[in-house]
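Data block below; observations after.
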Amino acid sequence: MAGPTTAERGERQQPKKSGPPRPPLRRRLPRRRTLVLLAVATVVLGTGLGWLLYGSPWLRTEHVSVSGTRVLTPERVRSTARVPLGSALLSVDTDAIEARLRGELPRIDTVEVSRSWPHGITLKVTERVPVLLIEETGESGVSGKSDEGEKSDQQGTGDGNNNKARKYVEVDKKGVRFATVSRIPDGAPLLEWDVVRGASARRFGTERLTRAAVDVARDLPAGVARDTRAVKVRSYDSVSLELRGGRTVLWGSAEQGRAKARTLTALMKAAPRARHFDVSVPTAPASSGS
């Protein structure tokens with residue numbers, strides 16, 4: 001029997017190639033060229049975009065708009081913000097501007113700093129609203145920061161000439177003492193002390209009693225708050241209101257403030273001619289002097 005031929009033995013000895021066949025070199029060249037062109041285009045576009053945002057004169061900060069001010073003037077807010085006019089709009093540090101405004105103008109409660117393309121910065125301000133006034137005296141140590149750059153008509157008429165030499169610290173609903181004014185603004189009652197010396201005064205102290213008065217003023221119904229001239233503190237459990245027209249309200253402690261507010265509103269509607277109201281126990285209110 002004849003053995004394998006020489007050709008057959010050569011075919012058996014030749015190693016087999018694994019994997020798909022390699023494409024010809026001329027087919028791979030266009031693909032490499034495409035990748036190179038894409039890379040160059042990306043660099044060019046990135047450079048152009050960076051120049052447009054940071055180097056071009058078309059996206060520069062040119063003006064600052066202010067909204068939401070009530071007492072502060074837009075000029076005061078704008079000057080305190082110190083926005084770098086002429087710089088690239090994208091490079092303006094909005095967080096730093098916000099921190100600067102809240103740190104230097106305590107009357108500002110919140111401020112939203114945003115870019116207004118293509119040339120502006122917008123400052124949306126929310127000011128603190130006083131719910132209570134504390135007369136500033138050397139003995140009490142009460143202090144606040146006087147606001148400059150306020151609107152000239154931001155303060156009320158007060159009580160006449162007796163207020164000219166006095167200073168009042170404005171306190172918001174959070175208990176923050178944020179400004180000192182020389183006249184009593186409209187809509188904010190004055191804190192008056194009638195504290196009875198005893199265990200209650202020693203136990204709670206001035207700061208806690210002041211916080212109780214702030215909580216009471218915060219919870220007053222809007223209509224009652226406008227008519228309230230003074231919040232009188234006798235003890236922690238005995239806070240009363242002095243309203244215009246000689247009317248009074250015994251509020252009691254600062255607890256259950258919302259329930260007392262609803263009760264007082266209903267009680268005033270039921271007895272519109274009453275002179276004295278008692279909501280210290282909101283489930284058992286009383287009125288008298290009608």
Side-chain angles (χ1 to χ4, degrees), residues 66-81 101-111 123 125-195 206-207 209-234 239-249 251 254:
V66 180
S67 64
T69 56
R70 297 176 58 255
V71 176
L72 294 170
T73 62
E75 291 76 14
R76 176 69 188 281
V77 175
R78 195 177 291 111
S79 63
T80 304
L101 286 171
R102 296 189 64 181
E104 297 184 23
L105 296 178
R107 185 176 289 277
I108 293 180
D109 187 14
T110 62
V111 57
L123 308 177
V125 173
T126 301
E127 294 185 11
R128 300 182 188 275
V129 178
V131 298
L132 190 68
L133 298 173
I134 302 176
E135 185 174 354
E136 186 180 60
T137 63
E139 296 179 356
S140 65
V142 175
S143 63
K145 187 171 182 179
S146 179
D147 277 336
E148 298 178 357
E150 297 180 348
K151 296 176 183 177
S152 59
D153 59 348
Q154 63 94 9
Q155 295 164 341
T157 57
D159 292 332
N161 294 331
N162 293 332
N163 289 324
K164 287 184 178 180
R166 298 180 182 180
K167 297 289 185 180
Y168 303 92
V169 178
E170 293 181 307
V171 187
D172 73 354
K173 64 181 180 181
K174 301 174 185 176
V176 177
R177 303 177 184 187
F178 60 91
T180 301
V181 295
S182 58
R183 301 179 67 186
I184 298 178
D186 295 330
L190 181 65
L191 172 63
E192 293 185 0
W193 295 101
D194 189 19
V195 178
T206 302
E207 286 301 318
L209 293 177
T210 301
R211 180 67 224 191
V214 171
D215 291 343
V216 170
R218 176 200 62 198
D219 291 334
L220 292 179
V224 176
R226 286 192 297 269
D227 286 340
T228 303
R229 297 183 63 257
V231 176
K232 294 187 175 182
V233 178
R234 184 175 178 83
V239 180
S240 60
L241 310 175
E242 180 182 318
L243 309 183
R244 290 185 175 88
R247 295 174 299 166
T248 60
V249 177
W251 191 271

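- Taken to the nearest 0.5 Å, the CG atom of L132 stands 5.0 Å off from the CG atom of L191.
- F178 is not listed as a side-chain neighbour of D109, based on a closest heavy-atom distance of 4.5 Å or more.
- Here L190 contributes atom CG and E242 contributes atom CD; the two are 9.5 Å apart, rounded to the nearest 0.5 Å.
- K167 is listed as a side-chain neighbour of S182, based on a closest heavy-atom distance under 4.5 Å.
- Two residues are said to be in side-chain contact when any heavy atoms from C-beta on lie closer than 4.5 Å; L209 and T206 fail this criterion.
- When each of V249, V131, L243 is checked for a side chain to side chain contact (heavy atoms under 4.5 Å, CB included) with T228, only L243 meets the rule.
- Y168 is not listed as a side-chain neighbour of I134, based on a closest heavy-atom distance of 4.5 Å or more.
- For the pair L241 and T248, the minimum side-chain heavy-atom distance is 4.5 Å or more.
- Not a single donor-acceptor pair under 3.5 Å links the side chain of R234 to the backbone N or O of V239.
- Considering only heavy atoms from C-beta on, R177 comes within 4.5 Å of T210 through its side chain.
- E192 contributes atom CD, which lies 9.0 Å from atom OG of S240 (distance to the nearest 0.5 angstrom).
- In this structure R218 satisfies the side chain to side chain donor-acceptor pair (under 3.5 Å) test together with D215, sequence neighbours excluded.
- A salt bridge between D194 and K232 is absent, with no side-chain N of the basic residue lying under 4.0 Å from a carboxylate O of the acidic one.
- Looking at R128 and I108, their side chains never come closer than 4.5 Å, going by heavy atoms from C-beta outward.
- To the nearest 0.5 Å, the span separating OG1 on T69 from CZ on R78 amounts to 9.5 Å.
- I184 places a side-chain heavy atom less than 4.5 Å from the side chain of L133.
- Across R107, K173, R70, a single residue satisfies side chain to side chain contact (heavy atoms under 4.5 Å, CB included) together with V129, and that is R70.
- Closest of all the heavy-atom pairs between P130 and A188 is O-CB, 4.0 Å.
- Side-chain atoms of E127 come within 3.5 Å of backbone N or O of V71 as a donor-acceptor pair.
- The side chain to side chain contact (heavy atoms under 4.5 Å, CB included) search around A212 returns Y236, A254, not counting sequence neighbours.
- The minimum heavy-atom distance linking V181 with P185 is given by the pair CG2-CD, 4.2 Å.
- Closest heavy-atom contact between V231 and A213: CG1-CB, 4.1 Å.
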